[in-house]
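Counting starts at 1 for both ligands and their atoms, in listed order. Computed from heavy atoms alone, side chains included, the values below leave out hydrogens, waters and symmetry copies.
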Amino acid sequence: MDKQKQIKAPRGTYDILPDSSYKWSWINKKFAETAAAFRYLEMVTPVFESSQLFERSVGGQTDIVEKEMYKFKDRKGRLLALRPEGTAPVVRSYIENNLQAGNSTAKLYYNGPMFRYDRPQKGRYRQFYQYGIEYIGTADPYADTEVILFSDMLISRLGLTNYRLEINSIGCSKCSESYNQVLSNYFAKYGDELCGDCRKRLINNPKRLLDCKVSSCKAIAEDAPSIVDYLDEECSEHFSQVKSYLDLLEVDYIVNPKIVRGLDYYNRTAFELIDILTETQNALLGGGRYDTLIASLGGKKTPAVGMAGGIERLIAAMERENLEFGMEPKPEVYVINNDCSTKKEAIKLTAELRKNGLWVEFEIDKNSFNKQFKTALKSGAAFAVIIGPEEVATGTVTIKNLTIEEQKRYKNSEATGYLKEKLR
Ligand code: AMP
């Protein structure tokens with residue numbers, strides 16, 4: 001018989017396996033806790049949207065839309081895209097569901113899979129998991145600071161310490177007019193030395209040359225004129241205030257005039273948190289202000305600011321720093337029985353312990369006492385409860401503390417109370 005060819009997960013995707021899924025849960029939990037502390041409410045949007053949404057918001061000439069978007073036609077010929085990012089869908093929904101009505105501001109968060117057809121490598125996947133927040137409806141520079149503070153607090157709640165906050169202002173369309181001209185003149189001098197993409201960017205969006213990852217372009221960008229010198233008075237004042245609030249809150253940062261962010265809709269504040277323990281894919285998260293996006297998608301003119309980050313990069317950073325992920329799904333109690341004579345008593349006790357909220361593993365295989373004991377030790381459980389023929393005959397159970405290797409008999413009626421007291 002022909003052996004069927006094994007089907008594998010698509011390139012650039014991966015499975016979250018049971019031995020590590022708790023890491024994802026932990027980060028989701030910490031993110032949701034931080035969102036609650038800052039009073040952001042969750043929003044869930046579809047995984048696919050009209051492709052136009054991203055073309056009109058992220059920008060038709062950005063890498064994300066031009067090269068990386070999973071775009072397809074459905075059976076009725078509608079042009080759809082798997083979402084490459086979360087802000088445009090949130091804004092689409094905000095406008096469509098009239099969330100503006102009666103509220104001056106909306107504070108929203110999302111968390112889910114995003115899709116980009118990029119060259120897969122460590123820290124860069126075709127399906128990745130991204131969380132983000134959007135603070136919609138205020139132009140106050142404190143909102144920018146608060147989004148940055150949220151980011152900083154999330155990262156430090158995870159225990160990470162080896163990161164750096166980099167901030168910039170990319171101004172508004174008025175500042176960009178003069179700056180783009182100066183930047184084009186600067187880069188035009190290097191003509192053929194620029195990579196193919198940058199030669200195109202020179203015509204369409206010269207700011208994007210500043211964050212090209214090709215080393216020869218990077219070297220040229222080193223001495224490029226800085227946007228900070230071309231900000232108009234209002235943008236400059238806005239940036240000063242963002243910085244002064246960061247100073248007030250004692251958040252460390254450096255100004256990096258090369259941060260431009262890869263999406264068209266940003267203006268004024270742009271920031272990234274950089275993992276300093278790695279050189280590649282080191283942006284833990286990034287964000288910025290987008291005051292024109294909502295109007296450009298058909299809503300009322302509404303200023304907004306937000307941030308987004310990938311869960312994979314947080315996990316990798318936490319692993320690099322040897323940090324603990326809480327919620328590792330170890331059993332607390334492991335019930336050991338003798339299949340021939342004590343299985344029923346063990347099943348009943350297991351049910352009772354679980355009813356009392358304890359995390360209990362019950363050995364279903366017909367393994368010997370010794371083997372069950374070894375599995376209990378390996379499982380990381382704090383206690384083993386042994387129910388053998390002798391225990392059944394005397395109406396007792398043996399409880400063994402697996403950490404200090406001490407054991408004692410307890411009456412059946414006392415066992416649950418004892419374990420609850422020790423574990424809760
Ligand atoms: P962006 O939406 O490109 O500004 O990215 C924001 C954050 O999302 C980055 O700092 C990463 O943490 C994460 N991210 C973006 N693209 C990917 C990807 N292809 N794979 C994994 N994480 C990503």
*For Y70, enumerate each residue passing the ring-ring contact (aromatic ring centres under 6.0 Å, His included) test, keeping only those at least two apart in sequence or located in another chain.*
Y117

_Going by salt bridge (charged side-chain N to carboxylate O under 4.0 Å, His left out), name the pairs with one or both residues in residues 75-84, residues two or more places apart or in two chains._
D74-R78

*Got the residues with a heavy atom under 4.0 Å of ligand 1, by chain and number?*
R116, G123, R124, Y125, F128, Q130, R261, A283, L284, L285, A308, G309, G310, R313

*Just grab all the side chain to side chain donor-acceptor pair (under 3.5 Å) pairs involving residues 147-156, residues at least two apart or on different chains.*
D152-Y163

*Given the rule in the side-chain hydrogen bond (donor to acceptor under 3.5 Å, both in side chains) test, do E405 and N401 qualify, once you have shown the distances and angles that lead to the verdict?*
CA-CA 5 Å; E405 303 253 332; N401 182 325; over 6 Å; no

*Evaluate the criterion side-chain hydrogen bond (donor to acceptor under 3.5 Å, both in side chains) for residue pair S216 and E193; output intermediate values, then yes/no.*
CA-CA 7 Å; S216 50; E193 292 171 56; over 6 Å; no

*Any side-chain heavy-atom pair from F362 and N337 closer than 4.5 angstrom?*
yes

